[in-house]
Amino acid sequence: MSKIKTPQAIRGTQDIFGADAEAFAFVVETFERVRKLYRFRRVEMPVFEKTEVFSRAIGETTDVVSKEMYSFEDRGGESLTLRPEFTAGIARAFLTNGWQQHAPLKVATHGPLFRYERPQKGRYRQFHQIDAEILGAGEPQADVELLAMADQLLKELGIEGVTLHLNTLGDGDSREAWRAALIEYFAAVRGELSEDSQERLEKNPLRILDSKDPRDRKFVGDAPRIDQFLSDDARAFFDAVTTGLDAAGVKWARAESLVRGLDYYRHTAFEFIPDEGSAAAAALGSQSTILGGGRYDGLMESLGGAPTPAVGWAAGIERLAMLVQAPTDSMTLAIVIEDKELRFNNIGQMMASACRKAGIPTLVYSSGSPKKRYDKALKANPNAIFVLGGPEADGEVARLTIRHPNSPDEDIVAALGHAPMNLMRSVFGVPDAYWQRIVHDGGTVSLLS
RNA sequence: GCGAUCGUAGCUCAGUUGGUUAGAGCGCCGGUUUGUGGUACCGGAGGUCGGGGGUUCGAGACCCCUCGAUCGCCCCA
């Protein structure tokens, strides 16, 4: 009989547990709270879509589409793809559900995304993002509000040392003119560029601007700048965004070489990036962007819809979680059942139930030797321990010992309220005043029949 | 897709130029002690040394393949 081999987890997936899971939840909870402050409406989206949703929206030549998608055929032979991002699916939903009627529509969501990449620090094949979009809003104030929300979120998460890097890619015409000028400029020095950038020259010349290779960097400084190609409208739009951010108290830095990888971006493009040398930068390894997005006025048309201006961002939950300290649950009550008689287990469960209904996180220890139970309870670092034991003196039916392993804690006394007190009174006839004093100071209650 | 490092107990790791029966700490289980419980001590369970092949009298150590992990490149959140 051969031993069954335990299957391994899929490469690049994570089983998140413990402090990491708490940090993850803290990010999501904070996002949910902040998005409500800005009245973004919650949406739930499918995890997979027809492949064309992504290939048309994101662009066939992008890395995401050309080599990172999890695509498969369903039983009907249709090509489906696990979503590599939120925006394309939301745009599809906007069109197929007639959400034009709600425009301008502010929506927020979060969940898993999938990209077939080599995993490394802060990058996974299944990863998770929070996402916010404003659909059907062409005015720069939408960009400002969206960024103000992102800025507030990071502050409420307690993330320090991160700066909003902001750029404009101009409108469609500006972007094309700039792109043409960049190709002309870099083509002239083609042979001196890095191999990667010679490749980029064909596929995505804008990306040469933020190449890390020193062979490229020496040419980047003198490369044509978007500002030279901005139309009056595009310039006015960007000015409105920047002055709006100043008014909203959002700090930002101009990043002329910031371009975003996906085809659909127009006008505003931005990333929140840790400052060099900061603790955040160290925690993230080579991954720098924690939140990124921009305006995608052309996207709806690529999906066959009417021209619809929109702007949005997404942030990696794992990356944010690496930068936050989740608040720990402050108050815990541990109930240790010392006697092995079954009825003590039941009394312990009644006590726990009463305490939990009163809002106190409560743990019950009822397995292993009495000493082990107590030791385990101590390791949970509770504010108070109730030890429920059998009778030790004549006339006793049970005794309850209350201990404060750390220091006497007023809060837990207040938080307990009357629920356990009432329980003790009804089960054992303990007077209120006595209970109050015992809980407060620690000690033993003798429970008489 | 490319590169570097790594893979020994549940966890963190030792394991000497290849040489008897593969070790420690923590954790887990059991017990003793401490006369009021987080300590200390004793004992126990737990390993096909990631998997496969090769070299050798002999491989956890060396070689090849493979899977996985970590970090970096590309790209991205």
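It should be emphasised that the depicted structure is a prediction, and the values quoted were computed from it without experimental measurement.
As rounded to the nearest Å, B:A24 and B:U70 have P atoms that lie 30 Å from one another. Here the separation of B:C42 from B:U34, taken at their C1' atoms, is 15 Å to the nearest Å. A gap of 12 Å separates the C1' atoms of B:C63 and B:U56, to the nearest Å. To the nearest whole angstrom, the two P atoms, one in B:U66 and one in B:C2, are 11 Å apart. Remark: the separation of the C1' atoms in B:U12 and B:G58 is 31 Å, to the nearest Å. Comparing the same atom, P, in B:C62 and in B:G7 gives a spacing of 10 Å after rounding to whole Å. Using atom P as the reference point in both B:G23 and B:U48, the two lie 15 Å apart (nearest Å). When the C1' atom is used for both B:C49 and B:G15, the distance is 11 Å, rounded to whole Å.
Aromatic pair A:Phe24/A:His128: ring centres closer than 6.0 Å.
The side chain of A:Arg115 sits closest to B:C76 out of B:C76, B:G37, B:U70. Picking from B:A77, B:G37, B:C75 the nucleotide with the shortest atom distance to the side chain of A:Arg207 gives B:C75. For A:Arg260, counting side-chain heavy atoms from C-beta on, the closest listed nucleotide (B:C76, B:G38, B:A77) is B:A77. Checked against B:A77, B:C75, B:A4, the side chain of A:Arg118 finds its nearest nucleotide in B:A4. With distances taken from any side-chain atom of A:Lys376 to the nucleotides B:C29, B:U36, B:G1, the minimum falls on B:C29. Taking every side-chain heavy atom of A:Asp375 into account, B:G37 is the closest of B:C76, B:G37, B:A77.
Looking at heavy-atom distances under 4.0 Å, A:Gly285 makes contact with sugar-phosphate atoms alone, never a base. Here A:Arg373 lies out of heavy-atom contact (under 4.0 Å) with every strand. Nucleic acid contact class of A:Gly389 (heavy atoms, under 4.0 Å, all strands): none. Residue A:Leu378 is in base contact, counting any heavy-atom pair closer than 4.0 Å across all strands shown. Contacts of A:Glu117 with the nucleic acid, taken as non-hydrogen atoms under 4.0 Å apart, include base atoms. Within the 4.0 angstrom heavy-atom criterion, no nucleotide atom of any strand lies near A:Leu320. Counting any heavy atom pair closer than 4.0 Å across all strands shown, A:Phe86 reaches no nucleic acid atom.
For the 3.5 Å distance criterion, the side chains of A:Tyr38 and A:Gln152 qualify, holding a donor opposite an acceptor. One side chain, A:Arg42 or A:His110, offers a donor N or O that lies under 3.5 Å from an acceptor on the other. Side-chain polar atoms of A:Glu318 and A:Gln14 form a donor-acceptor pair below 3.5 angstrom. Side-chain contact check for A:Asp131 and A:Thr109: no donor-acceptor pair (N or O, by modelled atom type) lies under 3.5 Å. Side-chain atoms of A:Ser257 and A:Asp210 include no donor-acceptor pair closer than 3.5 Å.
Straight-line distance from the CG atom of A:Leu400 to the C1' atom of B:U36: 16 Å, rounded to whole Å. Rounded to an integer number of Å, the gap from A:Phe17 CZ to B:G10 C1' is 12 Å. One interatomic measurement links the two molecules: CD of A:Gln287 to P of B:C75, which rounds to 12 Å at whole-angstrom precision. Counting to the nearest Å, the P atom of B:C73 and the CZ atom of A:Arg215 are 15 Å from each other. In this structure, A:Asp196 atom CG and B:G72 atom P are separated by 17 Å, rounded to whole Å. Atom CD1 in A:Ile58 sits about 12 Å away from atom C1' in B:C76, given to the nearest Å. Atom C1' of nucleotide B:A69 and atom OH of A:Tyr124 are separated by 12 Å, given to the nearest angstrom. One atom, CD of A:Gln126, and another, C1' of B:A77, lie 14 Å apart when rounded to the nearest Å.
For the OP1/OP2 pair of B:U36 and a distance below 4.0 Å, the side-chain nitrogens and oxygens of A:Arg403 include no atom meeting the criterion. Distances shorter than 4.0 Å separate none of the side-chain N or O atoms of A:Ser288 from OP1 or OP2 on B:C76. The phosphate of B:C71 (OP1 or OP2) has no side-chain N or O of A:Gln120 nearer than 4.0 angstrom. In terms of phosphate contacts, A:Lys212 brings a side-chain nitrogen or oxygen within less than 4.0 Å of OP1 or OP2 of B:C73. A sub-4.0 Å separation between OP1 or OP2 of B:A77 and a side-chain N or O of A:Thr289 is absent. Taking only side-chain nitrogens and oxygens, A:Arg11 comes nearer than 4.0 Å to OP1 or OP2 of B:A69.
In this structure, A:Arg125 fails the cation-pi test against A:Phe114, since its NZ or CZ atom is not both closer than 6.0 Å to the six-membered ring centre and inside 45 degrees of the ring normal. Cation-pi contact between A:Arg260 and A:Tyr265: present, with separation from the ring centre below 6.0 Å and deviation from the ring axis of at most 45°.
Between A:Pro119 and A:Val387, the residue anchored closer to the 5' end of RNA chain B is A:Val387, taking for each the nucleotide with the nearest heavy atom.
Ring geometry, A:Phe48 versus A:Phe72: the interplanar angle falls under 30°, so the pair is classed parallel (tilted spans 30 to 60°).
A donor-acceptor pair under 3.5 Å is formed between the side chain of A:Glu85 and the backbone N or O of A:Ala88. For the pair A:Ser197 (side chain) and A:Leu193 (backbone), a donor-acceptor distance under 3.5 Å is absent.
By the stacking rule of 5.5 Å between ring centres and under 30° between planes, A:Tyr374 does not stack on the base of B:G38.
Between the side chain of A:Arg319 and the base of B:C76, at least one donor-acceptor pair of N or O atoms lies under 3.5 Å. The base of B:G37 sits with one of its N or O atoms less than 3.5 Å from a complementary donor or acceptor on the side chain of A:Glu338.
For RNA chain B, runs of at least 3 consecutive pairs of the Watson-Crick or G-U wobble type, with both hydrogen-bonding distances under 3.5 angstrom, map to B:1-7 with B:67-73, B:10-13 with B:23-26, B:28-32 with B:40-44, B:50-54 with B:62-66.
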